[in-house]
There are 2 protein chains.
Amino acid sequence: MRDLSKASGMSLAGLYYYFESKERLLFLIQKHTFTTVVQRLKKRLAGVTDPEQRIRIFILNHLEYFLANPAAMKVLSHEAEALKNGFASEVAAIKREYYRICVGLMDELKRERRLEFSTRIAVLSLFGMMNWIYTWHNPRVDADAEQIAQEMGDIFLRGMMNSTRR
Amino acid sequence: MRDLSKASGMSLAGLYYYFESKERLLFLIQKHTFTTVVQRLKKRLAGVTDPEQRIRIFILNHLEYFLANPAAMKVLSHEAEALKNGFASEVAAIKREYYRICVGLMDELKRERRLEFSTRIAVLSLFGMMNWIYTWHNPRVDADAEQIAQEMGDIFLRGMMNSTRR
DNA sequence: CGATAATTCGAACGTTCGTTAGAATTAGTA
DNA sequence: TACTAATTCTAACGAACGTTCGAATTATCG
């Protein structure tokens, strides 16, 4: 909180005028971030029907947001388990919705292409690829979100496509 | 440190008889873990020449160790940036060696199969898939290391294989 | 046995942390 | 202008933290 006070220019006590506790502030950050990402995703998915294209939109939306907000990504990754019961469950609900959207996209792909693979492992592997980026991405060295989304999409989708057909 | 004292049954001051500081203890954990993983990997790779098989060994070795030592994995992931200059650089050196081994495996695959893809993105995506597992793996629900290594290997290797050929 | 070394501990140290009381200041309104 | 409400601050509280001091205990060995 003292760091935030310095960075924001407001006094330590001043922060508590706007946020009743450090935990509630963390909760608001997490909630706002996930809500924003889900909202943007839904807008972008509207109207697109091709399953592969929809998964590519999912990846691009995710990477674009988090490469533009690396600090937020770090907070979400590092403080994922820091909230207590009340706050935790509300954030968990949004996360679950986001996860379920991705599961849905994966199932669409499986149905259309008659593929056979574990949706759970596929989705969590994809999240891993995308989320780990906060540990290594350097904007001075690495490509931008669009290009990385392309490459990760290539890797992941080819990985799905050639799975055993029913 | 007070938690460790409780968990180990030794008094708080007693811990400082064996570890001169909390940071040095963290350093020793990180160093020991990475060293062990690299050692085991080298042993398993010895004698195997097929590039695909070698990457599968890499994945299995990684997942087997970290699913057997989830607490260690959490420490490595969460406290990756917690060490200061001296300690940090020594751990960074071992991590770099581990990373470079994986880069080597990827280049072998590219050469043998005449593939074209970004080694950096491939390696970091693979690490992402594997390392993210500490956030979701539940031994009561999820498969064991061998099976997950098989599935992630399938996803990743198919993703590499069909990349544009030279 | 006695003496030295190795081990373990209770109790505290100084610092940092999250938080708050209460005063000072500013903005809004009549 | 004078009064109220909103905002911001200084200064501190109590708890938790990493660490250390010096005494107590235990092991080692002549």
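Chain naming here is simple, since letters A, B, ... match the order of the sequence lines and numbering starts at 1 in each. Note that the structure is a prediction, hence the values are computed from the model and not measured.
Atom P of nucleotide C:dT15 and atom CZ of A:Arg2 are separated by 14 Å, given to the nearest angstrom. Put simply, CG on B:Leu25 is 16 Å from P on D:dC17, counting in whole angstrom units. At whole-Å resolution of the value, CE in B:Met10 and P in D:dA24 are 19 Å apart. Atom-to-atom, CG of B:Leu12 to C1' of D:dA16 comes out at 12 Å; the value is rounded to the nearest Å. For A:Glu20 and C:dA21, the CD to C1' distance is 17 Å, given to the nearest whole Å. Atom CG in A:Leu15 sits roughly 15 Å away from atom C1' in D:dT10 (whole-Å rounding). Spacing between atom NZ of A:Lys6 and atom P of C:dT16 amounts to 10 Å, rounded to whole angstrom units.
When distances are taken from the side chain of B:Ser11 to each of C:dG10, C:dT19, D:dC9, the shortest belongs to C:dG10. Comparing atom distances between the A:Lys22 side chain and each of C:dC9, C:dA21, C:dG18 picks out C:dG18 as nearest.
The shortest distance between the side-chain N/O atoms of B:Tyr17 and the OP1/OP2 oxygens of C:dT7 is below 4.0 Å. Residue A:Tyr16 has no polar side-chain atom (N or O) positioned under 4.0 Å from OP1 or OP2 of C:dT20.
The salt bridge (charged side-chain N to carboxylate O under 4.0 Å, His left out) search around B:Lys22 returns none, not counting sequence neighbours.
Panel note: side chain A:Ser5, backbone A:Met1; no donor-acceptor pair is recorded below 3.5 Å.
Looking at heavy-atom distances under 4.0 Å, A:Phe19 makes no contact with the nucleic acid at all.
Checking A:Tyr18 against B:Met1, the closest nucleotide of DNA chain D that is more toward the 5' end is the one next to A:Tyr18.
One finds no salt bridge joining B:Glu112 and B:Arg54 here, because no Lys/Arg side-chain nitrogen approaches an Asp/Glu carboxylate oxygen to under 4.0 Å.
Taking the six-membered ring wherever Trp is involved, the centroid distance between the rings of B:Phe127 and B:Tyr98 falls below 6.0 Å.
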